[in-house]
Amino acid sequence: VGRLRPRHDIVVPGETMTAVFWNAAAQRGGRVFMRQKKLGIWREWTWAQTAQAVREIGDGLLALGFEAGDCASIAANTVVEWVLADLAVLSAGGVSNGIYPTDAAPQVHYLCEDSRTRVLFVEDEEQLDKALEVRAGLPLLRKIVVFDPKGLREFADPDVIDLAALRALGRAHAQAHPGELDARVAACRPEDLAILVYTSGTTGKPKGAMHSHRGLVYTARGYNRIVAQDESDERMCFLPLCHIAERMGGEYFALYTGSKLNFVENPETVPENVREI
């Protein structure tokens, strides 16, 4: 049941989603932000651990030459890494775009081409195969980053790296260029484009709805005036994060309020997971 808050109550300061995230991480530190269930076991992510991962991925993007205003796309199911990549792209001053993991290769090509994607995050070998099938037609695409490299031990490609390698690249870049990511965060403005959410394309080619940082922050605050949450609340994540419902009402709202995000193994396990949390 939602708890009404006074209209003047600002839970976390910040006029961009990047500022809100970093202020929230500094404020909440060792408290749990996310949990992800794998093989029946829940793994916790504190705000501090999340911030470290986001920083390393963000610095990794800078090492790849990712510029402010560049777009990165994410083709993955609803997993913790989706959130880490999303927040890293925003922290680097970029535009984050989601691609449904069920999209076929031609659709991946269209969405990456239309959004002018420079870096493509993919969940696993299945998503990588689709990206490799169409990358010849994507001259702006610089790098593909794989969240889960299982099954790719013998695979080698100079334009494909896994998330662990990107984080290592980020750590090295941060040592050589300290403060660069923080400068990108500070340079982000409320009117800057933050995310793209593509329409379904039922009446034509999908169109990318453009959402500014100002709009996302305003909506998060508005949610909290209607159905308020705080750090004692739990949220279940299983809808696609490339859809605005889970992206805004799940990830960003939890980021603002501190409610915990719980990622299930698959949507069919939601009822039993609700009983566990």
Side-chain angles (χ1 to χ4, degrees), residues 16-19 21 54-76 81-101 103 105-123 127-128 130-147 159-161 163 166 169-170 173 180-181 183-185 187-201 205-217 240-244 246-248 251-252:
T16 66
M17 287 310 303
T18 48
F21 167 68
V54 169
R55 180 170 294 280
E56 292 175 359
I57 297 168
D59 274 311
L61 289 171
L62 300 187
L64 297 178
F66 191 80
E67 300 286 347
D70 281 353
C71 180
S73 291
I74 307 169
E81 290 82 3
W82 213 113
V83 174
L84 301 179
D86 184 43
L87 294 174
V89 171
L90 297 183
S91 296
V95 179
S96 180
N97 174 51
I99 298 176
Y100 284 95
D103 283 345
Q107 188 77 339
V108 172
H109 176 269
Y110 170 78
L111 294 174
C112 287
E113 181 181 47
D114 190 71
S115 63
R116 302 178 64 84
T117 290
R118 304 301 180 108
V119 176
L120 174 59
F121 292 91
V122 297
E123 182 176 3
Q127 301 303 322
L128 175 61
K130 290 186 282 189
L132 294 176
E133 183 179 334
V134 300
R135 70 170 170 177
L138 298 170
L140 296 179
L141 183 63
R142 295 174 184 167
K143 195 72 70 174
I144 301 172
V145 182
V146 185
F147 290 159
D159 294 323
V160 179
I161 60 174
L163 191 62
L166 181 64
L169 193 64
H173 184 84
E180 185 178 357
L181 187 68
R184 288 283 184 96
V185 172
C188 185
R189 295 291 177 259
E191 62 270 18
D192 290 345
L193 177 61
I195 67 172
L196 295 173
V197 179
Y198 275 82
T199 60
S200 61
K205 289 186 176 181
K207 300 172 181 64
M210 303 165 69
H211 297 268
S212 69
H213 282 274
R214 176 182 282 117
L216 297 176
V217 172
L241 274 162
C242 51
H243 193 285
I244 195 62
E246 191 69 83
R247 187 82 151 282
M248 184 68 249
E251 177 190 350
Y252 295 154

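We're numbering straight along the sequence, starting at 1. What you see below is based on every heavy atom in this structure, not just the backbone, and it leaves out hydrogens, waters and symmetry mates.
Applying the ring-ring contact (aromatic ring centres under 6.0 Å, His included) test to His109 and every residue at least two apart in sequence or in another chain returns nothing. The side chain to side chain contact (heavy atoms under 4.5 Å, CB included) check on Glu56 picks up Gln52, Arg167, Arg171, with sequence neighbours excluded. Listed by chain and number, the residues in a side chain to side chain contact (heavy atoms under 4.5 Å, CB included) with Glu246 are Cys237, Leu239, Leu241 (sequence neighbours excluded). In this view, Thr16 and Thr18 satisfy the side chain to side chain donor-acceptor pair (under 3.5 Å) rule, not counting sequence neighbours. Every side chain to side chain donor-acceptor pair (under 3.5 Å) that Lys130 has, sequence neighbours left out, goes to Gln127. Under the side chain to side chain donor-acceptor pair (under 3.5 Å) criterion, Asp114 pairs with Tyr198, not counting sequence neighbours. Partners of Glu81 according to the side chain to side chain donor-acceptor pair (under 3.5 Å) rule, which considers only residues two or more places apart in sequence or in another chain, do not exist here. Looking at residues two or more places apart in sequence or on another chain, you find no salt bridge (charged side-chain N to carboxylate O under 4.0 Å, His left out) involving Asp59. Among residues two or more places apart in sequence or in another chain, the side chain to side chain contact (heavy atoms under 4.5 Å, CB included) test is passed with Val54 by Phe21, Trp22, Thr50, Leu84, Leu87, Ala88, Ser91. Under the rule for a side chain to side chain contact (heavy atoms under 4.5 Å, CB included), the partners of Ala72 that lie at least two apart in sequence or sit in another chain are Phe66, Val89, Val119, Phe121.
Expressed to the nearest 0.5 Å, how far OG of Ser73 lies from CD1 of Ile144 amounts to 11.5 Å. In this structure, the separation between NE2 on His211 and CE on Met17 is 13.0 Å, given to the nearest 0.5 Å. Taken from CG in Leu193 to CG in Leu90, the straight-line distance is 9.5 Å, to the nearest 0.5 Å.
Shown here for Arg118 and Leu140, the closest heavy-atom pair between the two residues is CD-O, 3.4 Å. Minimum heavy-atom separation, Val160 to Lys143: N-CD, 4.1 Å.
Taking 4.5 Å as the limit, some side-chain heavy atom of Tyr100 sits within range of a side-chain heavy atom of His243. Side-chain contact between Glu113 and Leu138: present, with at least one pair of heavy atoms (C-beta onward) separated by less than 4.5 Å. Residues Pro190 and Val217 fail the side-chain proximity criterion, which asks for heavy atoms closer than 4.5 Å. Contact of the Leu120 side chain with the Arg135 side chain is not registered, since no non-hydrogen atoms from C-beta on lie closer than 4.5 Å. No side-chain heavy atom of Ile57 sits less than 4.5 Å from a side-chain heavy atom of Val145.
Each salt bridge (Lys or Arg N to Asp or Glu O under 4.0 Å) pair with one or both residues in residues 63-72, not counting sequence neighbours, appears once here: Glu67-Arg184, Asp70-Arg142.
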(request) Decide yes or no on side-chain contact (heavy atoms from CB on, under 4.5 Å) for Cys112 and Ile99, but give the supporting numbers first. (result) CA-CA 9 Å; Cys112 287; Ile99 298 176; 3.8 Å; yes
(message) Checking Arg116 against Val95 for the side-chain contact (heavy atoms from CB on, under 4.5 Å) test, could you report, in this order, the C-alpha distance in whole Å, the side-chain angles of both residues, the deciding distance, and whether it holds?
(response) CA-CA 10 Å; Arg116 302 178 64 84; Val95 179; over 6 Å; no
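Heavy-atom neighbours of Lys205 NZ from other residues, nucleotides or ligands within 6.0 Å: at or below the threshold of 12.
Within the 3.5 Å criterion, the main-chain N or O of Glu191 finds no donor-acceptor partner in the side chain of Ser212.
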